[in-house]
K.L.:
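Right, I'll just put the structure down here and ask away after.
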2 protein chains.
Amino acid sequence: MEKKFVSAKDVAKLANVSQSTVSRVFTPGASVSEKVRRKVLEVAEELNYRPNALARGLINKKTNIVGLAMKDIQNPFYHEVLGMFSMKLREKGYNVLFVYTKNEEIQQEEINHFLEYNVEGIIITDALLSSNVVAKIHDNNIPITLFNRYHKDIPCNSVSSDNINASKEIASYFYEQGYRDIVYITGKINTSTNKDRQKGFIEYLKEKKIEVTILEGNYTYEKSYYLTKKMIENGHRPEAIFGANDITAIGALDALREKNISVPEETAVIGFDNIKMASWPSYMLSTWVQPIEKMVDEAIHLLLNNDRVNSPKAVKLKGKFIHRNTTK
Amino acid sequence: MEKKFVSAKDVAKLANVSQSTVSRVFTPGASVSEKVRRKVLEVAEELNYRPNALARGLINKKTNIVGLAMKDIQNPFYHEVLGMFSMKLREKGYNVLFVYTKNEEIQQEEINHFLEYNVEGIIITDALLSSNVVAKIHDNNIPITLFNRYHKDIPCNSVSSDNINASKEIASYFYEQGYRDIVYITGKINTSTNKDRQKGFIEYLKEKKIEVTILEGNYTYEKSYYLTKKMIENGHRPEAIFGANDITAIGALDALREKNISVPEETAVIGFDNIKMASWPSYMLSTWVQPIEKMVDEAIHLLLNNDRVNSPKAVKLKGKFIHRNTTK
DNA sequence: CTGAAAGCGCTTACAG
DNA sequence: CTGAAAGCGCTTACAG
């Protein structure tokens, strides 16, 4: 099936100007007389002409495309993040080339297309890249920003919450409440988010001579639910539980509920992320608010403005605790 | 900042062949001697060369890009759908240009970029287009497929569940159980999904002389939760509730739980979608399974193979009921 | 099988 | 302010 595109040449002919002039009309800042501009715009409208972004990208080496790779996960947090990126990038005139991946570490072939389309930057959310993949991308002079992840051996920009201090504050809150039997349900143990949350939490309490019980989860509801249930069945009813993210905390909450343990009276629960579900009336989960909007803004800013490849920056933003019904 | 791309010319020089030959090596089916092919591939690898997709798209009028627009909604169902589309399209060599939208009816400007990048097709999920926007897109000979929505006045392909028959089956199930006091909590009332689910459900029961109580929701948890709670506080404790989607059913479920109404003994609940949450141990929601994978396959097939603009098809696929703990 | 050349739809010096 | 021309990185008839 033959496609027929309306090109600048067609518009030029009908408007009695050169093709260059048509191009200028659609190039912000180029000088065209007001009269000619109006005429061209009129004809363009009539013909339903729109400059071909591919041709433009070819010339300008400016495609206005950003690649975004996101890991398959049940956490709605990333859904909100994706929406935010799409809206914010659009406001700035960028388009999102999207890839869903199943791997914790993004594979070269999954983002080869990003390179072929000459994206102007790559955002990786909830996943990592091996450093030689990073090197290849940087060879092409394409900046990368990791969102909500970082890794000391991977030389690219990153934006995340200040997880260590956040979890210290949570630990401190529990401590002030007088809790001494405290549980941390981990996320995926090899992720930077989990490592930092765990670290801050445990370290703070260690200083207070409190040893935290660690339950190894994986950021899913199911795992957390079963871990909590089993713990209770084994006779352990902690005074407080910190879940590595909201989904984890909610899994614990449901297990407690099923075992008729009253929250927050017998056991207090705190999550992390502040996903929409956390404020559902049946949960009203106390949690740590990640400043999504700021994080996204910062990620985009870094990606588009930071002196690309050479001096990666790791930005950490502060969130805040929000008290709902699962803490006293 | 100057970007330096490796082009076919660079490879050609180093491999001692013409640029045309390099191109042929990367064009499936073009004839190149095995010896030359190996040589070129070797040099390409060394230089980290990759054909420029923009230039290719410009020549071929084949960009391998599909535009996907999705409405901002809290329903995780669409998250799963998005992932499925991304994976399936990638398998077929297509890339996804993604746009998040807040509007029930997609605006022209939100998808202008799709046109500028010459996408080969557009998928609209959980939203609609006005028919004159459709006309403009079809003028460019770009096919559209609506996913999980359709509208008789909008001449484009669509893929959805057979919602009418699905909800008839659900109605029939309730009827067979002997329930006579039955509630339907609607989704957004102007969506085709809701209209059909409501229609099938009510019609079936009307034939049996049963009048269904309609609660007007909007596909959100919160709305459904409050509606159900209020209903109970008003003294109405139905025998069965059908929620227009899982989120809706879960909202109702939580309200029932809070009011200490036992499910399914006093009130049975059925949802629609079979999102991951429906199988969480605390819900174990009985629901209607939408055959996501088949729906996505079919949507892609229609988009890429159906005789474009002229004869739009509306495909409806059958799902199945899955019995969990919220029905007897 | 392979190379030279035209052309896809643009942008942008260069003249005028 | 405007046009003719070169060129972005490719593909693909056309010859050989």
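We use all heavy atoms of the structure for the numbers below, so side chains are in, but hydrogens, waters and symmetry mates are not. In the text below, chain A, chain B and the rest are named by the order of the sequence lines, each starting its count at 1.
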K.L.:
Under 3.5 Å for both donor-acceptor distances, Watson-Crick or wobble: does C:dC1 have a partner, and if so which one?
P.N.:
D:dG16

K.L.:
For a side chain to side chain contact (heavy atoms under 4.5 Å, CB included) check, start with the C-alpha distance between A:Thr63 and A:Glu120, then their side-chain angles and the critical distance, and finish with the verdict.
P.N.:
CA-CA 7 Å; A:Thr63 55; A:Glu120 294 183 39; 3.7 Å; yes

K.L.:
Between A:Lys39 (NZ) and D:dT2 (P), how many Å, whole number?
P.N.:
14 Å

K.L.:
Give me the atom names and distance for the closest heavy-atom approach of A:Arg56 to A:Thr27.
P.N.:
NH2-N, 4.3 Å

K.L.:
Which is true for B:Thr21 with a 4.0 Å heavy-atom rule: it touches a base, it touches only sugar-phosphate, or it touches nothing?
P.N.:
sugar-phosphate

K.L.:
Which nucleotide in the list C:dG9, C:dT2, C:dC8 gets nearest to the side chain of B:Ile59?
P.N.:
C:dC8

K.L.:
Of the nucleotides C:dC1, D:dC10, D:dT2, which one has an atom closest to the side chain of A:Val36?
P.N.:
D:dT2

K.L.:
Please determine, for the side chain of B:Arg24, which listed nucleotide (D:dT2, D:dT11, D:dA13) has the closest atom?
P.N.:
D:dA13

K.L.:
To the side chain of B:Lys61, which of D:dT2, C:dC8, D:dC10 is closest?
P.N.:
C:dC8

K.L.:
NZ of A:Lys88: more than 12 outside heavy atoms within 6.0 angstrom?
P.N.:
yes

K.L.:
Would you mind reading off the distance between A:Tyr49 atom OH and C:dG9 atom C1', rounded to a whole angstrom?
P.N.:
7 Å

K.L.:
Hey, which of these two, B:Leu58 or B:Ser20, hits DNA chain D nearer its 5' end, going by closest nucleotide?
P.N.:
B:Leu58

K.L.:
Is A:Arg50 touching bases, backbone alone, or none of the nucleic acid, heavy atoms closer than 4.0 Å?
P.N.:
sugar-phosphate

K.L.:
Given the rule in the salt bridge (charged side-chain N to carboxylate O under 4.0 Å, His left out) test, do B:Lys188 and B:Glu104 qualify, once you have shown the distances and angles that lead to the verdict?
P.N.:
CA-CA 10 Å; B:Lys188 283 202 137 193; B:Glu104 186 69 37; 3.6 Å; yes

K.L.:
Between B:Phe77 and B:Asn148, is any pair of side-chain heavy atoms under 4.5 Å apart?
P.N.:
yes

K.L.:
Aromatic rings A:His79 and B:His79: how do their planes relate, parallel, tilted or perpendicular, breaks at 30° and 60°?
P.N.:
parallel

K.L.:
In whole angstroms, how far is the P atom of C:dA4 from the NZ atom of B:Lys13?
P.N.:
14 Å

K.L.:
How many Å lie between CG on B:Asn60 and C1' on D:dT12, as a whole number?
P.N.:
9 Å

K.L.:
Both A:Arg56 and A:Lys9 contact DNA chain C. Taking the nearest nucleotide for each, which residue is further toward the 5' end?
P.N.:
A:Lys9

K.L.:
Would you kindly give the CG-to-P distance between B:Asp10 and D:dC10, to the nearest whole Å?
P.N.:
9 Å

K.L.:
To the nearest Å, give me how far apart CD (B:Gln19) and P (D:dT12) are.
P.N.:
12 Å

K.L.:
Can you tell which of C:dT11, C:dA4, D:dC10 lies closest to the side chain of A:Thr27?
P.N.:
C:dT11

K.L.:
Rounded off to whole Å, could you give me the CZ-to-P distance for the A:Phe26 and C:dG9 pair?
P.N.:
15 Å

K.L.:
Between C:dG3, C:dC10, D:dG9, spot the one nearest the side chain of B:Asn52, thanks.
P.N.:
D:dG9

K.L.:
Check every strand shown and say whether B:Ser23 touches a base, only sugar-phosphate, or nothing at a heavy-atom separation below 4.0 Å.
P.N.:
base

K.L.:
Whole-Å distance between D:dC10 P and A:Asn118 CG?
P.N.:
9 Å

K.L.:
So what does A:Ser31 hit on the nucleic acid, given a heavy-atom distance under 4.0 Å: a base, only sugar-phosphate, or nothing?
P.N.:
base

K.L.:
Would you mind telling me which of C:dG9, D:dC10, D:dA4 lies closest to the side-chain atoms of A:Ser18?
P.N.:
D:dA4

